[in-house]
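Since the structure is predicted, the reported quantities are computational estimates derived from the model, not experimental observations.
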Amino acid sequence: WDMRNHHRYARLLCAKDKRCRDAQQVLKDALKLEPGNATTMYELARVNSVDALKDYPAALQLLDDALRIDSACAECWLERGVVLLQTDDVPAAEASIARARGLSMPPWCAARADSMSAFNLKQARSLEASGGYEDADRSYLRACVLKPSDPALRFWKAKNLMRMEKWNA
């Protein structure tokens, strides 16, 4: 039985069927078979992360464990940055995402970062339209961190900041 089958099955359970607790168990069982498998740790971190269970401490621990085994795992660094953004540790998130980009992320991984940036931009624009400027600022910041090469994101963030009362007083 190829370990990748565990990974595929877990992704299918969580992404398609929304059975993320079951996916978590599949990956925990896979780790019992191969305790040092960095890819399994990454996949389990994804299940514990933004995509599903939102258990950020568990996700960070798994990613740190995976990175101790394979420090060149670009997708691990990206996911670590994404989780750190959710916990509002922006400097550490920026460092992790920069490390991922420096390792030449696979195309699907770069597309994930761009997609998450676009999602945060959409969320920020919606919050801004409803007058939630401070919440919008967090979403703009996440979008900027996930896609630092896009100057338009910084423009929208700055424009939103000018709408906040603390800057208008």
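Considering every non-hydrogen atom in both Pro106 and Ala74, the closest pair reads CD-CB, 4.2 Å. Smallest separation of non-hydrogen atoms from Arg101 and Pro148: NE-CD, 3.8 Å. Contact record, Gln123 with Ser139: OE1-OG, 3.2 Å, taken as the closest heavy-atom pair. Residues Arg138 and Gln86 approach most closely at NH2-O, 4.5 Å, considering heavy atoms. What you find for Cys76 and Leu63 is that their closest heavy atoms are O-CD2, 3.8 Å. Shown here for Leu27 and His6, the closest heavy-atom pair between the two residues is CD2-O, 4.2 Å.
In this structure, Leu127 is not a member of the same hydrophobic cluster as Leu85, with clusters built from ILVMFWY side-chain heavy atoms closer than 4.5 Å. There is no path of hydrophobic side-chain contacts, each under 4.5 Å, that joins Trp156 to Val145. Under the 4.5 Å side-chain heavy-atom criterion for Ile, Leu, Val, Met, Phe, Trp and Tyr, Leu67 and Leu44 are members of distinct hydrophobic clusters. Follow the hydrophobic side-chain contacts under 4.5 Å out from Leu153 and you reach Phe155 in the same cluster. The cluster map of Ile, Leu, Val, Met, Phe, Trp and Tyr, joined by side-chain heavy atoms under 4.5 Å apart, puts Tyr140 and Leu84 in different clusters.
Annotation: side chain of Arg19 is not in contact with side chain of Leu12 (no heavy-atom distance under 4.5 Å). Contact annotation: the side chain of Val82 approaches that of Leu146 to within less than 4.5 Å [non-hydrogen atoms, C-beta and beyond].
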message = Using side chain to side chain contact (heavy atoms under 4.5 Å, CB included), reason through Asp137 and Glu134 one step at a time and then give a plain yes or no.
response = CA-CA 5 Å; Asp137 186 59; Glu134 291 191 21; 5.5 Å; no

ask   = Could you walk me through whether Val83 and Asp89 pass the side chain to side chain contact (heavy atoms under 4.5 Å, CB included) check?
value = CA-CA 9 Å; Val83 173; Asp89 188 348; over 6 Å; no

Trace of the side chain to side chain contact (heavy atoms under 4.5 Å, CB included) decision for Ile97 with Leu78 = CA-CA 5 Å; Ile97 292 169; Leu78 175 65; 4.1 Å; yes

task = Please test Lys147 against Ser149 for side chain to side chain contact (heavy atoms under 4.5 Å, CB included), starting from the C-alpha separation and ending with a verdict.
result = CA-CA 6 Å; Lys147 194 170 182 180; Ser149 61; 4.1 Å; yes

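Not a single donor-acceptor pair under 3.5 Å links the side chain of Ser117 to the backbone N or O of Ala113. Formation of a donor-acceptor pair under 3.5 Å by the Trp77 side chain with backbone atoms of Ala95 is not found in this model.
Applying the salt bridge (charged side-chain N to carboxylate O under 4.0 Å, His left out) rule to pairs touching residues 63-74 yields Asp64-Arg80, Asp65-Arg68, sequence neighbours excluded.
To the nearest 0.5 Å, the span separating CZ on Arg11 from CZ on Arg4 amounts to 10.5 Å. Rounding to the nearest 0.5 angstrom, the gap separating the CD atom in Glu94 from the CG atom in Leu141 is 7.0 Å. One finds the NZ atom of Lys28 at 6.0 Å from the CD atom of Gln25 (value rounded to the nearest 0.5 Å). Between atom CD of residue Glu79 and atom CG of residue Leu60 there is a gap of 9.5 Å, rounded to the nearest 0.5 Å. Interatomic distance, OH of Tyr42 versus OG of Ser49, reported as 8.5 Å (0.5 Å rounding). Taken from CD in Glu34 to CE in Met41, the straight-line distance is 10.5 Å, to the nearest 0.5 Å.
Tested against His7 for a side-chain hydrogen bond (donor to acceptor under 3.5 Å, both in side chains), the candidates Thr40, Thr39, Asp2 yield a single pass: Thr40.
A salt bridge does not link Arg112 to Glu75: none of the charged side-chain nitrogens sits closer than 4.0 Å to a carboxylate oxygen.
Using a 3.5 Å distance cut-off with no hydrogens or angles, the side chains of Arg163 and Asn160 do not pair a donor with an acceptor.
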